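One structure below.
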Amino acid sequence: MYSARKLSKIYTETEYLAFETRSHLKHEFHEGQLYSMAGAKRNHSTISTNLIGELHTFLKGRSCEVHGPDMKVRIESRREVHFVYPDVSITCSSDDQQHNRDFIHHPVLIAEVLSHSTEAYDRGEKFNLYKRLTSLKDYVLINSHIKRVEIFHKIPEQLNSWMLTTYEAGENFVLASTEFQGSVDQLYDKVIFEEMSRQR
């Protein structure tokens, strides 16, 4: 989860990577500045774990890897370098898989679990950064308060054009980047919504 608190020092990319290796907290990197990230709440963690587990099983034996919230994505554009932490990412790039790095360059899928504090960032500034990744095919937003999954799929051969499809409880979805077929309800397995908690 993203926090607006930033560290005052201006860092180079090399300094950031060295700092992040030593730090017990996670930080995103934007134009030389570090932004600390808050810990994820229970529903957020449960949803991302459910998706990672299903994707990991599906991708066994295939030339793709699924990563969780500790893997950074490096984004470079317009002479700017950014490092961000998505909740879930998939890379099918041999360049990413042949190097023992704690970041990837070429994700085909990125998923974010939405919360009240992160939704505007995930839909706006962060999505605009992700759009700079030429490898990215699917951007998935999963609501942590109701059963709703939004999938932005990049339209091939159209510059920065994305098609949005929304899925609700009881529906199935397909991730075109990997041909994975999933259930909205399964993503929310063991998730306890606030309304349910108040009724108990």
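Computed from a predicted model, the values in this text were never measured in an experiment.
Using a 4.5 Å heavy-atom threshold, the side chains of S93 and I104 count as separate. Counting heavy atoms from C-beta on, the side chains of E13 and E76 never come closer than 4.5 Å. V66 has its side chain out of reach of F180: every pair of non-hydrogen atoms, C-beta onward, lies at least 4.5 Å apart. For the pair F127/E112, no side-chain contact is recorded, criterion being any heavy-atom separation below 4.5 Å from C-beta on. A heavy-atom distance below 4.5 Å is not found between the side chains of H56 and E65.
Although no hydrogens or angles enter the test, the distance criterion places a donor-acceptor pair under 3.5 Å between the side chain of K26 and the main chain of P69. In this structure, S63 contributes its side chain and C92 its backbone to no donor-acceptor pair below 3.5 Å. Between the side chain of N43 and the backbone N or O of I192, at least one donor-acceptor pair lies under 3.5 Å. Counting only distance, with no hydrogens or angles, the side chain of T166 and the backbone of E150 share no donor-acceptor pair below 3.5 Å. The closest donor-acceptor contact from the side chain of H153 to the backbone of K137 lies under 3.5 Å.
I155 belongs to a hydrophobic cluster with M163, counting contacts under 4.5 Å between side-chain heavy atoms of Ile, Leu, Val, Met, Phe, Trp and Tyr, direct or through other members.
Taking the ring axis of Y130 as reference, the NZ or CZ atom of K126 does not stay both within 45° of it and closer than 6.0 Å to the ring centre.
Rounded to the nearest 0.5 Å, atoms CH2 (W162) and CG (L136) are 4.0 Å apart. The distance from the CG atom of L59 to the CZ atom of R62 is 6.0 Å, given to the nearest 0.5 Å. Within the model, atoms CD of Q33 and OH of Y16 stand 13.5 Å from one another, a figure rounded to the nearest 0.5 Å.
By the 30° and 60° cut-offs, the orientation of the rings of H30 relative to Y121 is perpendicular.
With salt bridges taken as basic N to acidic carboxylate O contacts below 4.0 Å, none links K72 and E20. Using a 4.0 Å cut-off between charged side-chain N and carboxylate O, R74 and D96 make no salt bridge.
Donor-acceptor pairing under 3.5 Å is lacking for the side chains of D87 and S48.
Screening residues 179-191 for side chain to side chain donor-acceptor pair (under 3.5 Å) gives K147-D185 as the qualifying pairs, with residues at least two apart or on separate chains.
R148 pairs by the salt bridge (charged side-chain N to carboxylate O under 4.0 Å, His left out) definition with E168, not counting sequence neighbours.
For the ring pair (Phe, Tyr, Trp, His ring centres under 6.0 Å) test with H27, the passing option among Y85, Y35, F19, Y11 is F19; the others fail. Here the options are H105, H67, M71, the test is side-chain contact (heavy atoms from CB on, under 4.5 Å), and the partner is T91; only H67 passes.
F152 and V174 are members of different hydrophobic clusters when ILVMFWY side chains are connected at heavy-atom separations under 4.5 Å.
Atom NZ of K154 has more than 12 heavy atoms from other residues, nucleotides or ligands within 6.0 Å.
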